[in-house]
Amino acid sequence: MKDKKTFYITTPIYYPSDKLHIGHSYTTVAADAMARFKRLTDYDVMFLTGTDEHGQKIERIAKENGVTPKEYVDRIVAGIKELWKTLDISYDHFIRTTDPEHQEIVQKIFKKLYDQGDIYKSEYEGWYCTPCESFWTEIQLSEGKCPDCHREVELVKEESYFFKMSKYQDRLIKYIEEHDEFIQPNSRKNEMLNNFLRPGLEDLCVSRTSFKWGIPVTFDEGHVIYVWIDALSNYITALGYLTDDDGKFRKYWPADVHLVGKEIVRFHTIIWPIMLMALGEELPRQVFGHGWLILEGGKMSKSKGNVVDPVILEKRYGLDALRYFLLREVPFGSDGVFSNEALVNRINSDLANDLGNLLSRTVAMIDRYFDGVIPAQAELEEVDRDLIQLALKTPRKVEELMDELLFSNALAEIWRLISRTNKYIDETMPWVLAKSEEQRPRLGTVLYNLAESLRIISVLISPFMPGTPKEIIKQLGIEGDDTLKTWKSLSDFGKIPAGIRVSKGEPIFPRLDVKKELEELEKNLPTQAKAEDQKDDKGQKTDEEKKEEAEEVSEITIDDFAKLDLRVARVIAAEKVEKSDRLLKLQLQVGEETRQVVSGIAEHYSAEELVGKDLILVANLKPVKLRGNLSQGMILAASDKDGKLSLVTTDRQIESGSSIT
RNA sequence: GGCGGCGUAGCUCAGUUGGCGAGAGCAUUCGGUUCAUACCCGAAGAGUCAGCGGUUCAAAUCCGUUCGCCGCUACCA
């Protein structure tokens, strides 16, 4: 017996600091469709997803919630698994970085890399500014002092482990250049090469002593393994790498594709491959960075409410409609706009009108003309052959497209067949045939071909829409026969046995009242944040995010407020800071005094339009040097979720220097 | 500032290595049909293929340039 070909596909492991949203669902649904497709086409599939559960952020949130980190993530993970169940995600394994097996292997990997000299202990040496609690590199210092507060800094050393990324960079560059399919889509490849690899990599700090919630470094107490080695290695620890039971690793590795959001392509195409090189293992065949679902909004005409909770959509429209929309609407590599209107329109035109109605009319005609029994095929005519030819050709096309992860195109191809089948009804006009007795065989042939086309369609859509095929098959009366559901069965047209009794059911996709739906969706769903939400997939917290974490809003007292010295300041001059896209240098009149403030608003305001405006200045902010320019305070601006800025000004003319109370 | 990408019918987008009169889906209008979920089928609609300038017998497709949008990155509240 020949071994089946294997196919290993992964999603990122998600960071369970909060509930998941449509972006995570998007990645996971896509991976699921692919996994199902490969199973259908007779691959031995390994589909992995999971959660990345360590790190400071979770440690902190758990503490705030008064539970242990493990208790906290257990709760969230249960919710995630529930969500995947709702979306019918057919993963083969769900890995958690808190699994003991995972932790043990990560420790082995860390040790191995250490023993072979790829991880080394060093000092994180930097200039430390005690008041700011910040490290600075030599270059960042301004005139030998803290660039933030301009005070003295001291040279401090802190122990950390580092991974020798630099050692492998040339090999990786070569690899990427020689393997065109490795980073997809292609534009991502250039970004990695040009922005990171060619300029040169720095060694990566892979341990922390500042928090405890992580996998301990076995040979050095106090150090925990930081996200990179912990999280990325899930793709092989899940297969039993470095254990006695590594059969899965030997069978499935290298992965065929790591599906990731475009925001984490970097980690998967630089750090991860280098880890694998250091371990002497093969690299994954492909890292595919898909785009984001951008929520509609911002357009001036109407700002519509946005729906992003997949559970709500699933409840309202059914899982298959949601999955269909996600996979059909947006070309997988690029960003796409998610709008309620597009969703409802897709459901109506593609699912209700084309597919659902095709099933309805077919079954209704078999009912009416043949008392619900599928008739036998008689002689074929030209139209029949045309339809059959397309039906037989479509699976091959779908397979080709799926191999390139072109879900949307694959679905379009299937819908081409659905359209052709609808057209076939018009061409053959069964209601006319039904009028004469001698046309009976012909009528039977037509209806048979319709039923068989629907069977083929139901197999074709099954990876994308796990529920609908069952319903189609049931209405066709063939649910008992599994041989009619296989990919292989698509190579022949004429599999459905004649004489089967159909059973007409409800429309599988009821038509929606667009206007009503939009109103409904808009009213009960708050607008949620968009792209930003899709970022925190994998513990790949950026510095920016870490800063955000520190900025949690909590209650303050009036005394706290009093610490701020807010003043009205009039702009007397403004100019763009050279070599900077965002910075404007403002001269402000604050009472008697003149101040210079550098502000990151150049993308929202031109220098000219600012002059003469009265703004609100935080006057007692520590002075900072930005891009070589002294900034004495900052001006206030409102910022919406898209990052659009609007400067704060005064309602009436008032003397500059007036204080805000 | 550096690197990369994009700008094609009202909307969303296809357009291989340059070549018969520029396409699909949705929406719109008209016609057909009645088996069906007011559905399906057909037809129509000219969009300076962002602008300009080149290369070529021939460019949406190659080169240069301008404008607009976006991504990554640097600098940065």
Side-chain angles (χ1 to χ4, degrees), chain A residues 140 147-148 185-199 262-263 265-266 289 291-292 294 299 328-331 333-337 339 341-342 345-369 406 408-409 411-412 415-416 418-434 443 446-447 450 504 506-514 531 543-544 547-548 551 577-584 597-603 618 621 624-629 631 633-637 639 643 645:
Chain A
Q140 287 173 305
D148 245 12
N186 234 285
S187 56
R188 301 283 152 212
K189 180 170 104 182
N190 296 326
E191 286 177 4
M192 295 307 129
L193 247 22
N194 294 335
N195 287 321
F196 300 101
L197 285 163
R198 290 191 179 119
K262 63 181 184 180
E263 72 284 2
V265 167
R266 178 170 139 204
W292 291 346
I294 306 298
K299 287 204 172 177
R328 173 67 239 253
E329 185 66 10
V330 180
S334 38
D335 288 352
V337 175
S339 76
E341 199 178 349
N345 282 336
R346 274 285 176 207
I347 291 174
N348 271 348
S349 66
D350 296 2
L351 299 181
N353 294 352
D354 293 348
L355 176 57
N357 187 42
L358 175 62
L359 178 67
S360 286
R361 60 203 304 218
T362 298
V363 176
M365 285 191 282
I366 293 173
D367 249 344
R368 183 193 282 212
Y369 303 135
L406 297 172
S408 181
N409 302 34
L411 282 168
W415 254 255
R416 210 185 298 276
I418 291 172
S419 288
R420 182 66 192 84
T421 311
N422 269 318
K423 184 172 173 174
Y424 175 77
I425 297 178
D426 254 63
E427 290 168 332
T428 54
M429 293 188 286
W431 51 92
V432 174
L433 299 174
L443 178 60
V446 167
L447 295 185
L450 286 174
K504 181 136 178 67
E506 292 299 301
I508 53 176
F509 294 105
R511 221 180 130 71
L512 305 170
D513 181 330
V514 180
D543 289 343
E544 211 168 303
K547 278 183 200 158
E548 279 166 19
E551 283 178 7
V577 173
E578 278 200 35
K579 291 197 168 186
S580 162
D581 298 339
R582 297 182 196 161
L583 299 183
L584 285 181
V597 167
V598 178
S599 181
I601 54 172
E603 286 164 335
V618 183
L621 192 71
V624 185
K625 217 169 187 190
L626 301 178
R627 198 82 214 175
N629 297 287
S631 180
M634 71 185 250
I635 56 173
L636 300 185
S639 145
L645 290 187

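If you're wondering where the values come from, they're calculated on a predicted model, not measured in any experiment. Residue numbers begin at 1 in each chain, while the letters A, B, ... track the order of the sequences.
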- Query: Atom CG of A:Asp350 and atom CZ of A:Arg328: how far apart are they, to the nearest 0.5 Å?
  - Reply: 6.0 Å
- Take atom CG of A:Asn409 and atom P of B:G23, then tell me their distance rounded to the nearest Å. 20 Å
- Interatomic distance where CG belongs to A:Leu197 and C1' belongs to B:C72 [whole Å]: 13 Å
- Task: Find the distance A:Asp354:CG to B:A24:C1' and express it as a whole number of Å.
- Result: 14 Å
- Looking at B:U73, B:U37, B:G71, which one has an atom nearest to any side-chain atom of A:Arg188? B:G71
- Task: Run the numbers on A:Glu191 and A:Arg188 for side chain to side chain contact (heavy atoms under 4.5 Å, CB included), then give the verdict.
- Result: CA-CA 5 Å; A:Glu191 286 177 4; A:Arg188 301 283 152 212; 3.1 Å; yes
- Roughly how far, to the nearest 0.5 Å, is CG of A:Leu450 from CD1 of A:Ile425? 4.5 Å
- Heavy-atom closest pair (A:Ser360 atom, A:Lys504 atom, distance to 0.1 Å) is O-NZ, 3.7 Å
- Task: Please round to the nearest 0.5 Å and tell me the distance separating atom CG of A:Leu411 and atom CD1 of A:Ile418.
- Result: 9.0 Å
- Message: In whole Å, measure the gap between the P atoms of B:G7 and B:G51 for me.
- Response: 12 Å
- Roughly how far apart, to the nearest Å, are B:A60 and B:A50 at atom C1'? 12 Å
- Task: Could you give the distance separating B:G15 and B:U34 at their P atoms, to the nearest angstrom?
- Result: 40 Å
- Note on the structure: Per nearest nucleotide of RNA chain B, the residue lying toward the 5' end, A:Phe196 or A:Arg346, is A:Arg346
- Separation of B:C40 atom P from A:Leu450 atom CG, nearest Å, is 15 Å
- Message: Using a heavy-atom cut-off of 4.0 Å across all strands, would you classify A:Pro510 as base, sugar-phosphate, or nothing?
- Response: base
- Message: Any base atoms under 4.0 Å from A:Asp350, or only sugar-phosphate, or nothing? Heavy atoms, all strands.
- Response: nothing
- Message: Can you measure A:Ile347 atom CD1 to B:C26 atom P for me and round it to whole angstrom units?
- Response: 16 Å
- Message: Roughly how many Å apart are B:C75 and B:A59, using the C1' atom of each and rounding to a whole number?
- Response: 41 Å
- Query: To the nearest 0.5 Å, what is the distance between OG1 (A:Thr421) and CG (A:Leu359)?
  - Reply: 12.0 Å
- Query: When the P atoms of B:C57 and B:A14 are considered, how many whole Å apart are they?
  - Reply: 32 Å
- Message: Are A:Leu443 and A:Trp431 packed together at the side-chain level, in the sense that at least one heavy-atom pair is separated by less than 4.5 angstrom?
- Response: no
- Query: Could you state the CG-P distance from A:Leu193 to B:G5, rounded to the nearest angstrom?
  - Reply: 13 Å
- Message: Please determine whether a side-chain nitrogen or oxygen atom of A:Arg266 lies at a distance below 4.0 Å from atom OP1 or OP2 of B:U73.
- Response: yes
- Rounded distance (Å) that lies between atom P of B:A38 and atom CG of A:Asn348: 11 Å
- Item | Residue A:Glu191, side-chain atoms from C-beta onward, closest of B:G42, B:G71, B:C40 | B:G71
- Query: Which pairs count as salt bridge (Lys or Arg N to Asp or Glu O under 4.0 Å) when at least one residue sits in residues 419-432 of chain A, sequence neighbours excluded?
  - Reply: A:Asp386-A:Arg420, A:Arg420-A:Glu427
- So how far is it from A:Leu355 CG to A:Phe509 CZ, rounded to the nearest 0.5 Å? 6.0 Å
- Message: Using atom C1' in both nucleotides, what's the gap between B:U28 and B:U12 to the nearest angstrom?
- Response: 16 Å
- Item | Pairwise P distance, B:G4 and B:G64 [rounded to whole Å] | 11 Å
- Item | B:U8 to B:C69 separation - P atoms, rounded to the nearest Å | 15 Å
Dump every N/O contact between nucleotides 27-36 of chain B and the protein below 3.5 Å, one line per pair.
from: B:C35; atom 1: OP1; to: A:Arg368; atom 2: NH1; distance (Å): 3.4
from: B:C35; atom 1: O2; to: A:Arg361; atom 2: NE; distance (Å): 3.0
from: B:C35; atom 1: N3; to: A:Arg361; atom 2: NE; distance (Å): 3.3
from: B:C35; atom 1: N3; to: A:Arg361; atom 2: NH2; distance (Å): 2.5
from: B:C35; atom 1: N4; to: A:Arg361; atom 2: NH2; distance (Å): 3.1
from: B:A36; atom 1: O2'; to: A:Asn357; atom 2: OD1; distance (Å): 2.3
from: B:A36; atom 1: N1; to: A:Arg361; atom 2: NH2; distance (Å): 3.3
from: B:A36; atom 1: N3; to: A:Asn357; atom 2: ND2; distance (Å): 3.2
from: B:A36; atom 1: N3; to: A:Arg361; atom 2: NE; distance (Å): 3.1

- Per nearest nucleotide of RNA chain B, the residue lying toward the 5' end, A:Asn422 or A:Ile508, is A:Ile508
- Query: Distance check: side-chain N/O of A:Lys423 vs OP1/OP2 of B:G42, anything under 4.0 Å?
  - Reply: yes
- Message: With rounding to the nearest 0.5 angstrom, report the OH to CG distance, A:Tyr424 to A:Leu358.
- Response: 12.0 Å
- Message: Stem finding on RNA chain B, please: runs of three or more consecutive Watson-Crick or G-U wobble pairs, both distances under 3.5 Å, sorted by first number.
- Response: B:1-7 with B:67-73, B:10-13 with B:23-26, B:28-32 with B:40-44, B:50-54 with B:62-66
- Task: For residues A:Arg346 and A:Glu329, report the shortest heavy-atom separation together with the two atoms involved.
- Result: NE-OE1, 2.7 Å
